[in-house]
Amino acid sequence: MKKVMIRRKEVLNHLPKEIRAGAKISIGSIYVNRQPLKGVEGEEAERLLSKILDVPPGHQDWPKQEKEFWASMSIKVPFEGKELDISVDEDGIPYNTMDYLTYKWCKRHRQVAASEAEMQSDPAKKFFIYDPQADLLKKNAETKLKKDADREFIKISADVDKMRRLMRVLSKGSKPETLTDMEVENQLYDIKNAEPGKFLKYSTDKNLDVRAEIEEMIQENVLRTIGNQVIYGDETIGENITDAIVYFNNKKNSGQLNAMRAQLKEVKG
């Protein structure tokens with residue numbers, strides 16, 4: 001069983017909350033290019049609307065009845081939201097045709113947002129579609145991501161040198177060599193909590209060492225950047241950091257890399 005809720009934006013005014021909650025608010029038909037907004041079209045419209053309209057597809061009155069159906073489309077959304085059953089069978093046929101058509105229509109409606117966040121950010125949106133199952137999956141994915149980031153943090157906290165390299169990559173411009181082990185660990189912990197996806201991406205990056213070395217060379221002006229390009233002297237060694245990593249991993253460039261490393265060592269004293 002697959003169900004979604006159509007929920008409305010709460011309108012704040014001088015009226016008591018119980019009166020606002022009891023107000024009847026509807027999503028009404030709108031016109032697009034002088035035609036009523038349709039939830040489905042083509043073969044899908046014929047397949048689904050044939051269960052509702054009085055005439056079959058191909059009948060001379062079909063276009064008129066189809067237009068009237070969408071022109072009269074309206075859905076009342078109470079304070080607690082309007083539940084729609086959008087379940088389909090193994091052939092893709094909805095169990096509740098009218099609920100399914102309403103859902104498809106709402107998805108295209110200019111006043112209906114795909115999420116609460118989108119509704120709140122757009123004054124033109126007055127309603128949003130809430131999918132409990134999708135929300136559950138999203139939260140589960142976020143939980144899994146945080147758990148994976150926690151596991152990687154525990155691993156990396158046992159390697160002080162790797163913590164410092166990761167710190168340099170995650171916190172641009174930082175100088176982890178000037179921080180105590182505890183300060184580095186605490187700052188990485190904060191980054192892990194704030195951006196678990198980013199932390200996990202770079203903590204498991206097989207090129208972390210090279211990436212950190214490039215960042216340090218950029219910081220110490222051994223390398224310079226123009227836009228995304230990474231440049232050594234007059235030579236562009238990469239159109240971006242990813243290209244620069246490829247350059248560093250190429251054994252043919254070992255002579256040039258030794259010169260860069262010697263220059264970095266000299267700059268750092």
Side-chain angles (χ1 to χ4, degrees), residues 1-139 141:
M1 187 70 70
K2 170 76 170 176
K3 293 185 177 181
V4 298
M5 296 284 291
I6 306 299
R7 290 183 171 170
R8 72 194 201 196
K9 181 182 291 185
E10 184 176 0
V11 179
L12 300 177
N13 54 38
H14 65 283
L15 295 174
K17 184 175 181 178
E18 55 272 18
I19 294 179
R20 299 199 306 270
K24 296 180 180 179
I25 300 179
S26 300
I27 307 174
S29 173
I30 58 174
Y31 277 70
V32 179
N33 297 325
R34 303 178 69 178
Q35 292 294 321
L37 176 69
K38 297 178 180 181
V40 292
E41 299 181 72
E43 291 183 3
E44 186 179 21
E46 293 181 355
R47 176 166 53 86
L48 297 177
L49 289 175
S50 62
K51 301 175 182 295
I52 295 174
L53 303 184
D54 295 329
V55 296
H59 190 281
Q60 63 179 4
D61 287 338
W62 175 271
K64 177 184 176 183
Q65 289 201 23
E66 181 185 20
K67 182 176 181 180
E68 289 175 350
F69 174 83
W70 295 115
S72 62
M73 176 66 81
S74 178
I75 171 176
K76 290 183 179 179
V77 183
F79 182 77
E80 67 274 13
K82 172 70 174 177
E83 185 178 78
L84 299 174
D85 179 0
I86 61 170
S87 307
V88 296
D89 63 20
E90 57 185 14
D91 296 318
I93 306 300
Y95 291 109
N96 187 317
T97 304
M98 194 62 207
D99 275 10
Y100 187 82
L101 287 168
T102 302
Y103 165 69
K104 299 282 277 190
W105 176 75
C106 284
K107 285 185 68 176
R108 295 183 174 188
H109 202 289
R110 61 171 170 253
Q111 289 186 326
V112 183
S115 67
E116 184 175 12
E118 181 187 342
M119 178 189 71
Q120 297 295 356
S121 66
D122 186 345
K125 306 291 186 183
K126 307 298 181 184
F127 308 86
F128 73 96
I129 299 171
Y130 172 67
D131 185 339
Q133 184 177 353
D135 190 49
L136 182 63
L137 291 172
K138 180 182 177 183
K139 287 181 179 178

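The model shown is predicted, which means the values in this text are computed figures rather than measured ones. Throughout, residue positions are numbered sequentially from 1 according to the sequence presented.
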Taking all atoms of both residues into account, what is the closest heavy-atom pair of M73 and M98, and its distance? CE-CE, 3.8 Å
With a 4.5 Å cut-off on side-chain heavy atoms, are L37 and W70 touching? no
Any sub-3.5 Å donor-acceptor pair from D131's side-chain atoms to Q133's backbone N or O? yes
Any heavy-atom pair between the side chains of V112 and W105 that's under 4.5 Å? no
Looking at F79, is its backbone amide N or carbonyl O close enough to the side chain of K82 to form a donor-acceptor pair, meaning the two atoms are under 3.5 Å apart? no
With a 3.5 Å distance limit and no angle check, can you tell me whether S50 reaches the backbone of P56 through a side-chain donor-acceptor pair? no
Which heavy-atom pair separates S26 from K76 by the least distance, and what is that distance? OG-CG, 3.3 Å
Does the side chain of I129 come within less than 4.5 Å of L84's, by heavy atoms? no
Quick check against the 3.5 Å criterion: does D91 have a side-chain atom that pairs as donor or acceptor with the backbone of I93? no
In the structure I gave you, are the side-chain heavy atoms of F69 and E66 within less than 4.5 Å of one another anywhere? no
Find out whether D99 and P94 are in side-chain contact, i.e. whether some heavy atom of one side chain is under 4.5 Å from a heavy atom of the other. no
Considering non-hydrogen atoms only, spot the tightest contact between K104 and V40 and give its length. CE-CG1, 3.7 Å
Close side-chain approach of Q120 to F128, heavy-atom, < 4.5 Å: no
Do K125 side-chain atoms and R110 backbone N/O form a donor-acceptor pair below 3.5 Å? yes
Are any side-chain N or O atoms of H109 and backbone N or O atoms of S29, one a donor and one an acceptor, separated by less than 3.5 Å? no
Quick one, H59 and D54 - any side-chain contact, counting heavy atoms below 4.5 Å? no
Do L101 and I52 have side chains that get closer than 4.5 Å, going by heavy atoms? yes
Note: I86 and V4 closest approach over all heavy atoms is CD1-CG1, 3.6 Å
